[in-house]
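Notes follow the structure.
Remember, it's 1-based here, ligands and their atoms both numbered in the order they're listed.
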Amino acid sequence: MTKYVNAVINDESGEGGLPVLEGTLGPQAVDIQSLYSRHGLLAYDPGYRSTASCKSAITFVDGDAGILAYRGYPIEQLAARSHFLEVAYLLMFGELPSAREAEGFREAVCQHNLLHEQVISFYRGFRRDAHPMAIMVGVVGALSAFYHDDMDIRDPEQRINAAIRLVAKMPTIAAASYTYSTGRPLRYPRNEYDYAANFMQMLFGMPNRDFVLDPVQARAMDCILILHADHEQNASTSTVRMAASSGANPFACIAAGIASLWGPAHGGANEEVVKMLSEIGSPENIPRTIARAKDKGDTFRLMGFGHRVYKNFDPRAKVIQANAREVLGHLGLENDPLMAVALELEAIALKDEYFIERKLYPNVDFYSGLLLRAMGIPTKMFTAVFAVARTAGWVSQWLELHNDATHGIDRPRQLYVGETLRDYPRDRRG
Ligand code: SDX
């Protein structure tokens, strides 16, 4: 017989009641920290659909209203008027930098964007066709071997240095994962370029000719990095926080985040979207794809659609769709067949009862793959680009966790459904 706890939210602080916490925006939270110690009860929430794992002041998402804001600034405004390094500073320190702070931050990033020459030798240990995300997990994790002994993460200054190192090195590591797979020599960062342009010259530059930067594509890359920089407690950020809570080395924590981001249900979706659109090939095949997505007996899902939090349009998807159209037009690809399929698929799905009922809208990944593909970035590198951007968010959340002196190790419990206690057979010898 199922028993029920009737939780009544009232104004009195009443004995035995659980306090209700108010944030500055978004839903209230019932503080259940004393639930087990005082009532011997656990809260059961697989997938954390109704769980606030922490207090955070970094990013606000309102899934019903389709709002995303970094430190209170709406993503649309930052995408239109800021640039990635300024957004990284905002996420890490909470305020937009002054001109002097911005210059100091840029100099610090430029000082740390090179890789130790021995780190570069790690790449030779990978097969040329290794997935860039596999390489990034390995190389970023290996950085902990270079910065473990002389780093005391209890020191706020050293924590900030580690965070800046990670933001600075991630484009170099990601670009090297790509150039290595093509047999080209690793490109070094050039500090005359801004962050996004530097990333592009490391991706596409050749040693035997000058790199010609396309400002439209560089601006589009900068915008992609801004849009993907943080997103409250998503799977990979929660992974970083979980690893950070044990006091693990920050490079190892970010490597764990990269591993989690790689999953097709999360950051790996942009790669899957382009594969899906390519398989659809032309608009007449869309009905069959939609039918598969709706078929409970088919594990296929419409990649780039749906979101755990957004039950409205993902605000990033709208910005990226506009950027994709601009870059495709700029490159003379306005009749790109995959874009046509994507637009038609979106139009049909948004009118279909199945998607409407479940509030399934295009998410950030639906158009990001098309934009990256138009910019010549290979499909395998899409999630690596996502990881470069999200490093700013991951390190900001890592800093926020460590700045909370009360934070202990994250250690969820379980609802045990296994065998009751039983004795090992007397006549048995293992
Ligand atoms: C990112 O969390 C973040 O913030 C992530 C991210 C970030 O910036 O960090 O925003 C980045 O990861 C975006 C999401 C990228 N993933 C995809 O595009 C993969 C496709 N989407 C789905 O796998 C899914 O929508 C999730 C994983 C994104 C969300 O899954 P949920 O919240 O667990 O949704 P659910 O499984 O509870 O689905 C509810 C219903 C189910 O149907 P019913 O059982 O109610 O009949 O909707 C259906 C699902 O079958 N459904 C889909 C679907 N997504 C959900 N059906 C078809 N196609 C889909 N894409």
Using a 4.0 Å heavy-atom cut-off, say whether [X] meets ligand 1 through its side chain, its backbone, both or neither.
X: F366; result: neither
X: R316; result: side chain
X: H266; result: both

Would you tell me whether [X] and [Y] have side-chain atoms, one donor and one acceptor, within less than 3.5 Å of each other?
X: R159; Y: N403; value: yes
X: H112; Y: N161; value: no
X: D230; Y: T59; value: yes
X: Q201; Y: N198; value: yes
X: Y147; Y: H116; value: no
X: Y367; Y: E346; value: yes

Are [X] and ligand 1 in contact, using a heavy-atom cut-off of under 4.0 Å?
X: V309; value: no
X: F300; value: no
X: R49; value: yes
X: R390; value: yes
X: K296; value: yes

> Under 4.0 Å from any heavy atom of A269, which atoms of ligand 1 are there?
Replying inline: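 So the atoms of ligand 1 that pass are 15 (C), 16 (N), 17 (C), 18 (O).
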Short N/O distance, under 3.5 Å, between [X] and ligand 1?
X: L302; value: yes
X: V364; value: no
X: G304; value: yes

> In this structure, which one of F305, Y361, F313, Y310 forms a ring pair (Phe, Tyr, Trp, His ring centres under 6.0 Å) with F366?
Replying inline: F305
